[in-house]
Amino acid sequence: MESREHLGYSYEQILQVVKFLKLVVPNFKPLVGVICGSGLGPLADSLSDKIEVPYEDIPLFPASTVVGHGGKLVFGTVGGVPVICMKGRFHAYEGYPLWKVVMPVRVMRLMGVEYLIVTNAAGGIPSSMNVGDIMIIKDHVNMMGMGGQNPLRGPNIEEFGPRFPAMNKTYDRALVKAGLKIAESLGMEDMTHEGVYGCVGGPNYETIAELLMLQSCGVDSVGMSTAHEVIAAGHCGMKVFGFSLITNKAILDYDSSEVPNHEEVIAAAKAKEAKLQGFTEAMIKHMGSLKNAGPPSMCSCGGRR
Ligand SMILES: O=P(O)(O)O[C@@H]1C[C@H](O)[C@@H](CO)O1
């Protein structure tokens, strides 16, 4: 066969990472995976009985290079629910190919994760969204994917999922509704929205014309991550819940004197640390209760696991 560009880790390489982690945390089967967005690493701090593994100690793992992304896998529990947390994610703009960006999602799946919580820092487009609000993600527009940059590009690994996966059910509706209810029960209803996340490549923030285009496409929050992880998670049958922390308002006015910057992004995340920890913990407990009550794994991963 004609040779093709190298497009990812093999199933065996991902298993190799899983085998390493199972030696570090024997008998630990996480139900929930959490990916912490920019400045949102403290979401991992509320885990009990924590075991932290720096990315540099894990075979084949990329390194976190962005300020506000810690660079550790954290294992622990929340209300008795076993959780694996990525304190620090990888972005395409760091120079990583997308198959590398999503490798930890596949590792999580093979460790046993059934529910994935993705979080991010993002710019808020509707004027009703304020800095410090959260937006529960009901769907995404993946600008990078539409240009052909997709973490599933290349040979399909059948053990994870099909060649042509559907994406219309990937943000689990029941979890979106549960998230809205949980936010209300925590007194967060005035700061909680439901909307569509738009993924751009970064690392520059958007021009005004780009933001206006995204707005006209139905995008409510804009960021530089998440969609790739969600695609990989949907491909291997995970149930996904996600939220954006609105760290800055999209600037749509040519005469505005404001300029978006990463410092304000980190500061906005710091200011909401406690609330977001409480919200994420409640979502994890809810996922634990679904597992106890409901039917077994919905994963499409078959074969060799
Ligand atoms: O990892 P996330 O998507 O939360 O980080 C956002 C996007 C860029 O990495 C950075 C820009 O400030 O924050």
Exercise. His193 and Ile136: side chain to side chain contact (heavy atoms under 4.5 Å, CB included), yes or no, with the steps?
Worked result: CA-CA 6 Å; His193 310 259; Ile136 294 177; over 6 Å; no
Problem set entry | Audit row: Met213, Glu206, side chain to side chain contact (heavy atoms under 4.5 Å, CB included) steps and yes/no | CA-CA 10 Å; Met213 183 202 73; Glu206 303 68 44; over 6 Å; no
Problem set entry | Worked verdict on Glu194 versus Arg173 for salt bridge (Lys or Arg N to Asp or Glu O under 4.0 Å) | CA-CA 11 Å; Glu194 177 185 346; Arg173 273 314 287 165; 3.1 Å; yes
Problem set entry | Steps toward salt bridge (Lys or Arg N to Asp or Glu O under 4.0 Å) verdict (Asp45, Lys87) | CA-CA 9 Å; Asp45 296 341; Lys87 197 168 179 173; 2.9 Å; yes
Problem set entry | side chain to side chain contact (heavy atoms under 4.5 Å, CB included) evaluation trace for Ser64 with Arg89 | CA-CA 7 Å; Ser64 252; Arg89 67 146 56 86; over 6 Å; no
Problem set entry | Audit row: Ile117, Met287, side chain to side chain contact (heavy atoms under 4.5 Å, CB included) steps and yes/no | CA-CA 10 Å; Ile117 301 180; Met287 290 165 175; 3.6 Å; yes
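Hydrophobic clustering, with ILVMFWY side chains joined whenever heavy atoms are under 4.5 angstrom apart, groups Ile14 together with Met86. If you chain together hydrophobic residues whose side chains sit under 4.5 Å apart, Tyr197 and Val222 never meet in one group. Put simply, Val105 and Val25 are part of the same group of oily side chains (I, L, V, M, F, W, Y) that touch within less than 4.5 Å, one to the next.
Side chains of Ile84 and Val74 form no contact here, defined as non-hydrogen atoms less than 4.5 Å apart. Side-chain contact between Ser38 and Thr247: absent, with no pair of heavy atoms (C-beta onward) separated by less than 4.5 Å.
From Lys19, atom NZ reaches atom CD of Glu12 across 8.5 Å, with rounding to the nearest 0.5 Å. Here OH of Tyr115 is found 8.0 Å from CG of Asp172. Values are rounded to the nearest 0.5 Å.
Using a cutoff of 4.0 Å between basic side-chain nitrogens and carboxylate oxygens, Glu114 and Lys239 are not scored as salt-bridged.
Judged as a side chain to side chain donor-acceptor pair (under 3.5 Å), and not counting sequence neighbours, the contacts of Lys72 are Glu52.
Of all heavy-atom pairs between Phe279 and Leu186, the closest is CA-CD1, 3.7 Å.
Note on ring orientation: taking the six-membered ring where Trp is involved, the planes of His91 and Tyr93 are parallel (angle under 30°, cut-offs 30° and 60°).
Annotation: Phe90 is not in aromatic contact with His69 [ring centroid separation under 6.0 Å not met].
Judged by a 6.0 Å distance limit and a 45° cone about the ring axis, Arg106 is not positioned over the six-membered ring of Tyr9.
A donor-acceptor distance shorter than 3.5 angstrom exists from the side chain of Asp220 to the backbone of Val196, with no hydrogens or angles considered.
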